[in-house]
Amino acid sequence: MPTPVPTRSLQAPLAEPATPSALDASFLTVKGAAAYLGLSPHTLYVWRHRRQGPPSFRMGARGRVMYRREALDAWIHEQECADSRSNPALDPLTSHPLRQASLRA
């Protein structure tokens with residue numbers, strides 16, 4: 001006789017109160033953000049210096065540079081929309097060629 005398979009409840013788990021680990025997951029250090037984006041920490045430092053890349057801020061008494069995970073996701077989405085390979089509206093192969101103005105005066 002086969003052994004019965006244990007069943008699990010299909011109800012969603014109750015939301016847990018915000019814990020320090022849950023708060024830590026919403027904020028990333030430079031190293032964490034770099035790993036999340038697949039970049040080097042140096043690249044993020046250079047972008048921050050040039051005021052490029054995802055938004056960051058300083059937090060705490062030591063002024064550590066931090067990134068919000070939500071801001072990183074939004075920044076990634078902006079990059080996808082600005083790239084012609086993932087946004088058909090920007091694809092130069094599907095746009096109509098512009099007519100050159102006549103050079104005759």
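A quick note: this is a predicted structure, and the numbers were derived from the prediction, not measured.
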- Message: Counting C-beta onward and ignoring hydrogens, is there a side-chain heavy-atom pair between F27 and R68 closer than 4.5 Å?
- Response: yes
Side-chain donor-acceptor contacts of residues 44-58 below 3.5 Å, not counting sequence neighbours, with atom names and distances?
from, atom 1, to, atom 2, distance (Å)
R48, NH1, S56, OG, 2.4
R58, NH1, G63, O, 2.5

Between L28 and M66, is there a side-chain heavy-atom distance shorter than 4.5 Å? no
Across all chains, not counting sequence neighbours, the side-chain hydrogen bond (donor to acceptor under 3.5 Å, both in side chains) partners of T43 are S40
